[in-house]
Amino acid sequence: MDRHMSYLQKHPSITRSRVNNFIGGGQWSDVNVQTALYDLRVSGEPHIRLEVWSAPGQERPTFGHAVRQKFRPAKVGQMFGPSWTTHWFRVHVQIPAQFAGKPVQFLFDSNSEAMVWSPSGEPIMGLTGGGGGERHVDYALTPCAAADEAPRLFFVEVACNGLFGNGNFTQRPQDRDIYYRLSSVELAAPNPAGWALLHDLEVVVEMAGRLPQESPRSWQALAAANGAVNAFERSDPATVEAARGITQEFLSVPGNPAGHQVYAIGNCHIDTAWLWPFAETRRKTARSWSTQLTLMESYPEYRFTASQAQQFEWLLHDYPSLFARIQDKAKAGQFIPIGGTWVEMDCNIPSGESLARQFLLGQRFFKKHFGQTCDVFWLPDTFGYSSQLPQIVRLAGARYFFTQKLSWNNINRFPHTTFRWIGLDGSHILTHMAPSETYGAQCRPGELIDSLGRHKDLAYTNESLFLFGNGDGGGGPLRPMLERLRRMANTDGLPRVKQAHPREFYRHVEDNSKQLVSWKGELYFELHRGTYTSQSNNKLWNRRAEFLLRDAEMLATVAAMGHGGRGGFVYPADELARLWKLVCLNQFHDVVPGSSITMVYRDSAEMYADIFESATAIRDRALSSIYGPPAPHGAGLSVLNTTGWVRSDIVAIPPAEYSRLETGSDLVQVRASDGAILVPAINVPGFCAQPIDARIRAAPLEVGAVSVVASADGSHVLENRFVRVAVNAKGQIESYYDKDARRELVPKGAAANVFELYDDVPVFWDAWDIEIYATEKYRQLDGAEVSVADRGPLVASLSVRVPISDGSVLTQTISLSGISPRLDFDCDVDWHENRKCLKVSFTWDIHSDVATYETQYGALQRPTHRNTSWDMAKFEVCAHKFADLSEFGYGVALLNDCKYGHATLGNTMSLSLLRAPKAPDEHCDMGRHQFRYAIYPHAGTFSESNVVQEAYQFNVPLVQLSAHDVTGAVAGASRPFFSVTGARNVVLDTVKLAEDDGASYIVRMYEAYGGHARAILTSRLPAADVCKVNILEEPMDGARSNEDMGIRWLDHSRSLEVQFKPFEVISLRFSA
Ligand SMILES: [Zn+2]
């Protein structure tokens, strides 16, 4: 009997510890395989001489600038900092003769991120100092040193930040005062056989630990590892080969050819901003991707994928030669651009048009620079996936989707791995969620075992995707991962692994799996529900930017296409693209969700300021082109309605404008809060401007009186011809009576507009998470002071002051106009809290199991109960401009101008207003906030209402045109640019000039309520020809005629009939 085997069998756990200890870098590294990794190591002069130049402040100078500076001597052990500073090292190397015949590496550990540069300014590879699986400190100087090596010179750019910024983000905000130690700089001759044994053992030892303990392969792995330890003698290099003989014999047993097939793809998730500013991402991209190019030289089978056109564009600008090398590797099929979007965006908050632009900008970039668009939509890390994505993805020329984020759900386990995801309109895309449940796999056997073990659809498909490489802060795959992958490619006990383009995986599934399961509707992420609310300014600016760009683009198109244009308006295509890129950039999945550090939001605020200034300038130039320049002594004020339907509003105008109006009416009012003059603008047609004086003359026909009455008990009643609203002394609505419907909306004993302050202490992710237990612990805010602000005749309003705490206070104006049953709430909050969430709630006498929430290009329903764990998990959900609670015959909508966090439980709707997380941005949401919401009661259910239009109007004010002549000089200018009739469920959302074609324009519309429609679209712009196109503005299904696709010209008119399916998004390309 073999003595050794008997010990192994009796003590498997001890043996597993033994073999684990043999490969580790800790306590036993001076006696285990680690001693076999290097033949030689030298440091210091005369082999290595270091000089350094430290860039001032937080500047990130170019190579060309840095190398011209005055360098000073530097040495190992010195500290460099503080956080976010940059230090350029000039490195003089003389490989000593004793290295002759051996490979030589330069090892540089600054405990931070760094980049090696050639003396001519070529970025060579990124370095990551410090310990752990991200450590990457070796730069290969030569595969075989000569006896008389010439001196070498190169540069290392050290950035004083780690892969995850500066400091421990989970505990506290970023540390601004971190210094990094240059802990080692060496020349080393690695021992390839020693490394090979290490990588063998990394695989074999983990197979021994992770395979089922009763399986023969587990025992064999343990025996092989144990045998290798016994064979290795650290004083005798020849024993490394003997040990390898044992491990190789084990690994060479092939896997089951019919077994699970893993498609491995290298990737490097680089958050476009998160715990570091955008500027650092530009360098992270170069560091991470240059490292991958180096690996591709040594590993021809290596495939690496990268998403986010923005990062490619930065690279093209900052590192053009590196970009060119990437293009070469893309041609060779090793470097694979993927995703098709501008950034890996959040999918909760961006509008439908924003999602379309993510693809338009992204796919066009990839097509231009890499010759093709992407067919795999790629969002491994985004916080939930809205129900319109399948349609948008299809319309953007892609058909496959990858994520893994739902593996983070904290209530339910998502039941599918490979499935058809069916969207709001019925479009579907083949979707896969990596069963390894990570995008940062380290290429270890356990991850492959999980790829099989956690796969939920093995009945239909026997393959999975496997994303490996360090990520979030970049880094990407490293050499040991590729070495382990080679060893695991085909070995008994593990799934087979091959490196492949993800498309190959999806096509294989498509061709071989006919019975895939389906999932309908949103892929709701059961975590990070606080991201609908955190960093509320960012969300406000995103909303405003989306609508401002909409107006600017539409008006620029009208001006450019010649309708009433004077003097050849040139469509600012490049500038609009630049602004959309900024909007899309800020929709990155750690920016608009609110999970980045302070520095990111400083940059973001500057970008939004640029967007607002530049887009306003475009809009105003377009208006001057359409209506002629303002004439100071000419016409008075006009209003332009950029929505597609007739609307009425009360407009607030500066007093100076009022003096020029010929009103002939006493229906004007001075607003108490700011002295603005309120005038009615009644029945302004869609896509059309009207002088406001005429509107006022028409007004008495339409404007009913509004009044406010105070009672002795401190309550007030606001009343117009539609509703009567009673507000109690706390500022809460006790009664909301609809006169037409003869219906009280507030149940007895309940109230609406109730402020609640919740304890908001998540389990772990501070800025990210509102947890379900937070809904249990709150206090209602009482003690309001209520007073009358405006008394009519156009608007009656109350001013409400609600103390929140010693440090925070909310003031609110509740106003009712004479023209609508809608009650508006304008809020101004001074907010200084710690882990609190402010919500406002509304309880209605309405009975429904579902509430309706607006999403991109449509609306969806979610339960108002918590029957199942899936219903319960949606205790906080995302909605865009409205949420609606309707029963047969009647409903109430809650509108907002910048809020996204909603909930409806039973008959109580609530809106999350502000949060107070302290990490990663300790200043998050502290200070002043202004926002608006409104209550809009309506007859009929949601689909019978005009809530979509009302919410649109609430976000898109009438554009005021001062002293433009909208009726006179420019023929036709007073007529609508467009009209949509015959289908009130169709919204015309976007008008833009076609990409690369100044003679065509795009009109994008969608069906908003979930039904079929035949809409009549009339355009006053030139429209000789029309073509149904996708988001990329390419003809849809070119073989089919317009009639087949549901569009046809109406006889003798400029009008087009367009057929819609429920929630369909249709883009038309009109040519002059
Ligand atoms: Zn991410």
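Atoms within each ligand, like the ligands themselves, are counted from 1 in listed order.
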Going by the rule salt bridge (charged side-chain N to carboxylate O under 4.0 Å, His left out), which residues pair with [X] if we only count those two or more places apart in sequence or in a different chain?
X: R420; result: none
X: K539; result: none
X: R503; result: D375

May I ask you to check whether F402 and W378 place their ring centers less than 6.0 Å from one another?
-> yes
Identified side chain to side chain contact (heavy atoms under 4.5 Å, CB included) partner of Y608 from the options N537, N586, L540, L582 = N586
Quick check: are there more than 12 heavy atoms from other residues, nucleotides or ligands sitting under 6.0 Å from CZ of R454?
-> yes
Closer than 2.8 Å to the Zn ion (ligand 1) - protein N, O or S atoms, ordered by chain and residue number | H269 NE2, D271 OD1, D381 OD2, H589 NE2
